[in-house]
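Just below is one structure, and these are the notes that go with it.
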Number of protein chains: 4
Amino acid sequence: MKKKDMSKQTKIQDAVAAIILTSGPAAVSTTKVAKQVGIAQSNVYLYFKNKQELIDSVYQREIAQIMGTTNLQLLTDQTIPIPKRIQYYIQQVYDYSLAHPDSLTLLQQIKSLKGQDLELLPGVNDPNNVVVQLLTSAIQAGVIKNLPVSLHMSLVFSIIHTHTSNLNAGRYLASAYSFADIYQLIWDGMKK
Amino acid sequence: MKKKDMSKQTKIQDAVAAIILTSGPAAVSTTKVAKQVGIAQSNVYLYFKNKQELIDSVYQREIAQIMGTTNLQLLTDQTIPIPKRIQYYIQQVYDYSLAHPDSLTLLQQIKSLKGQDLELLPGVNDPNNVVVQLLTSAIQAGVIKNLPVSLHMSLVFSIIHTHTSNLNAGRYLASAYSFADIYQLIWDGMKK
Amino acid sequence: MKKKDMSKQTKIQDAVAAIILTSGPAAVSTTKVAKQVGIAQSNVYLYFKNKQELIDSVYQREIAQIMGTTNLQLLTDQTIPIPKRIQYYIQQVYDYSLAHPDSLTLLQQIKSLKGQDLELLPGVNDPNNVVVQLLTSAIQAGVIKNLPVSLHMSLVFSIIHTHTSNLNAGRYLASAYSFADIYQLIWDGMKK
Amino acid sequence: MKKKDMSKQTKIQDAVAAIILTSGPAAVSTTKVAKQVGIAQSNVYLYFKNKQELIDSVYQREIAQIMGTTNLQLLTDQTIPIPKRIQYYIQQVYDYSLAHPDSLTLLQQIKSLKGQDLELLPGVNDPNNVVVQLLTSAIQAGVIKNLPVSLHMSLVFSIIHTHTSNLNAGRYLASAYSFADIYQLIWDGMKK
DNA sequence: TATGAATGAGTGTTCATTCAT
DNA sequence: AATGAATGAACACTCATTCAT
């Protein structure tokens with residue numbers, strides 16, 4: 001039913017994501033995507049201008065999903081102390097990553113396609129970015145270490161991503177480590 | 001001069017590394033590699049059985065270089081307290097990464113070629129691996145947190161890699177942060 | 001005109017057959033085939049999964065044509081005496097071979113591509129094969145010599161094929177020898 | 001020991017023959033040949049001007065071997081009656097083919113490389129050819145059917161070749177059929 | 001005699017993209 | 001909205017051949 005309701009556009013994006021996750025980003029081709037969706041190859045171009053836009057859209061969709069799941073108000077609420085807000089942030093990334101175990105991997109894979117290691121998430125350099133603002137304030141307030149924001153964010157993402165990948169690969173059970181355990185490592189690293 | 005002395009094999013590997021770093025691992029093709037080296041495309045196959053072996057060799061070369069620069073004795077020397085040995089380890093990764101700013105990126109890119117994010121360094125699952133042993137002992141001794149070794153390693157690599165990439169991209173000066181700063185974040189995260 | 005009506009698929013197969021007959025099976029390449037048909041090389045893959053399937057299809061087409069021209073009922077009609085049925089069989093091969101002078105050559109050439117000389121026609125080892133059944137019955141009835149069926153079939157095909165090739169090469173006129181002449185040699189060899 | 005005494009030239013020819021018999025004539029390449037012999041690829045060109053000459057030499061060598069094993073005097077001895085001489089001829093082909101089970105196959109494969117089905121053996125059109133002379137005389141003497149000599153020769157070769165191939169493929173035991181059985185079929189076909 | 005390095009042409013195959021229907 | 005046919009460019013890889021050593 002859900003499948004039935006899904007637009008072709010979505011189906012195509014799903015196929016791209018699936019191919020990336022199973023065979024790597026270099027394996028994505030309109031041929032394979034179309035075959036997987038069950039449409040003609042040329043059909044892909046009805047929904048996406050070209051391959052790059054298709055892949056970009058998959059990236060954007062993933063970002064949008066993260067943003068949609070994220071409670072930005074919690075992070076900007078000045079009435080909540082900064083450490084608490086950072087904890088919320090970490091928890092949100094953690095929860096999202098567990099709920100969508102392939103999401104971070106997918107983003108990282110797409111990034112690697114083009115070369116050069118870019119920031120793990122968009123907006124790391126965007127001063128308007130909510131998280132960047134939160135962490136910047138935290139540095140100024142002397143709450144977390146005076147290090148580049150990107151280092152703090154990298155800490156959050158790499159630890160959670162590695163943890164999720166481990167779970168995904170069955171290297172240990174989800175019950176083996178709680179959020180508190182993971183959070184402790186991250187926060188100990190960040191905090192001043 | 002140096003170029004003159006270099007064997008074709010090395011030149012080819014260099015070209016592969018360069019292409020990966022500038023255009024991503026998917027952009028590597030025997031055609032481009034040969035063109036960059038200034039030889040006929042078929043010539044690549046005189047030195048490498050196939051493309052995969054070529055790329056693998058670039059990976060192995062990078063690993064070998066890291067290993068060559070690493071002082072393993074320091075890490076296994078039982079007379080040195082564990083925290084000190086871990087510090088040596090972090091310092092070695094840090095120094096290497098600064099001296100070879102593309103090395104970690106290169107390794108990460110090659111890994112991502114095939115899909116699925118594997119461990120950043122080989123031997124993470126290899127119990128004989130010196131670093132794995134060191135960290136395992138550290139956990140048993142209650143020196144660092146009781147979390148998967150891969151999480152601790154991921155912490156080390158992602159922080160140092162992000163830092164190096166930032167420097168490489170000119171986001172801030174190398175003098176802006178000392179090793180001590182970086183180390184502090186990592187060690188605070190790890191230590192119990 | 002006929003060319004206009006022919007599907008691309010057929011044209012491609014025709015080109016393959018032509019190349020095999022003029023330059024041998026090893027000379028078949030998608031490049032040459034496409035050039036001969038007047039299409040892009042990649043176009044071949046719209047109609048055939050790969051080169052092997054293309055060549056196989058040419059083989060199958062030839063077999064199908066033979067089967068289509070063959071009156072199998074005559075060969076299985078138990079009311080007709082076995083020698084007469086064998087004569088019909090020989091006559092059918094003869095007529096077909098004269099009408100399609102390249103057909104047997106084509107089949108033989110394709111067979112030789114892969115190495116080892118296989119049976120000249122498919123189904124020589126297939127006990128369900130009508131001809132095999134006919135000849136087997138003939139042996140049991142003591143009508144033809146008690147020798148492997150493949151020898152009898154080889155006799156039929158090699159004599160007729162050589163004769164047709166001779167005609168094709170203009171070594172003598174078709175009028176020089178009648179079917180009766182050819183048949184006599186074959187039948188004398190087979191019969192007990 | 002024998003191998004040690006063999007000249008490189010011979011070893012190369014052997015490799016070509018082996019490749020043809022196992023993988024078909026199209027699979028012959030200087031690369032594979034050299035690898036099989038254990039020499040450098042370029043080395044092949046020390047002994048043969050080019051690939052064609054190499055393959056031709058393998059062909060010639062096979063022919064020469066047949067000729068060497070054949071007792072030509074028996075076939076031209078006018079004191080022996082023609083039917084007896086033809087029987088000797090058939091027996092010689094038979095014996096040779098059993099002793100060198102791949103020889104006829106090899107010759108046929110090489111022929112097929114170039115396209116067009118040529119005569120099965122060289123000299124079929126050469127009036128000086130001993131066998132052609134024998135069969136021509138036989139026709140004139142009214143001993144065998146008045147059909148093209150090539151048909152008679154094709155009869156001999158195809159039957160014996162098919163029989164040998166069957167043995168080679170283990171389709172039946174050599175003891176299952178005697179020379180007399182095979183000879184009977186051939187001679188019944190030829191004789192007037 | 002023997003080799004390894006070199007190369008240009010060729011192989012089969014896949015690709016992203018376009019276009020008429 | 002959807003398709004199939006078409007294509008040129010790229011791909012990895014193999015080849016026959018040459019040449020300096």
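In the text below, chain A, chain B and the rest are named by the order of the sequence lines, each starting its count at 1.
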Starting at atom [atom1] of [X], determine the distance to atom [atom2] of [N], rounded to an integer number of angstrom.
| X | N | atom1 | atom2 | answer |
| --- | --- | --- | --- | --- |
| D:Tyr47 | E:dT1 | OH | P | 6 Å |
| A:Gln52 | E:dC15 | CD | P | 16 Å |
| C:Gln9 | F:dA6 | CD | C1' | 15 Å |
| A:Ile19 | E:dC15 | CD1 | C1' | 13 Å |
| C:Phe48 | F:dG4 | CZ | C1' | 16 Å |
| D:Ile39 | E:dA2 | CD1 | P | 8 Å |
| D:Lys49 | F:dC19 | NZ | C1' | 18 Å |
| D:Lys35 | E:dT3 | NZ | C1' | 16 Å |

Exercise. Has the side chain of C:Thr30 got a donor or acceptor that lies under 3.5 Å from a partner of the other kind on the base of E:dG12?
Worked result: no
For this session: May I ask you to verify whether the side chain of D:Gln41 and the base of F:dC15 hold a donor-acceptor pair under 3.5 Å?
Result: no
Regarding [X], tell me which of base, sugar-phosphate or nothing describes its non-hydrogen contacts under 4.0 Å with the strands shown.
| X | result |
| --- | --- |
| C:Ser29 | sugar-phosphate |
| D:Lys32 | sugar-phosphate |
| D:Val28 | sugar-phosphate |

Any donor and acceptor pair, going by atom type alone, linking the side chain of [X] with main-chain N or O of [Y] inside 3.5 Å?
| X | Y | value |
| --- | --- | --- |
| C:Lys8 | C:Val37 | no |
| A:Lys32 | A:Ala27 | yes |
| B:Ser23 | B:Ile20 | no |

[X] side chain near [N] phosphate (N/O to OP1/OP2, under 4.0 Å):
| X | N | value |
| --- | --- | --- |
| B:Lys8 | E:dA6 | yes |
| B:Asn43 | E:dT7 | yes |
| D:Thr31 | F:dC15 | yes |

Problem set entry | First encountered from the 5' end of DNA chain E, between A:Lys51 and B:Leu46 | B:Leu46
For this session: Assign each of D:Ala40 and B:Gly38 to its nearest nucleotide of DNA chain E by heavy atoms, then name whichever residue's nucleotide is nearer the 5' end.
Result: D:Ala40
For this session: Tell me yes or no: between the side chains of D:Asp56 and D:Gln60, is some donor less than 3.5 Å from an acceptor?
Result: no
Exercise. Without hydrogens or angle criteria, can the side chains of A:Ser57 and A:Gln13 be said to hold a donor-acceptor pair below 3.5 Å?
Worked result: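 Yes, side-chain donor-acceptor contact under 3.5 Å.
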Exercise. Whom does F:dA10 pair with, Watson-Crick or G-U wobble, provided both distances fall under 3.5 Å?
Worked result: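 Pairing partner: E:dT13.
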Problem set entry | Counterpart base for E:dA20, defined by Watson-Crick or G-U wobble contacts under 3.5 Å | F:dT3
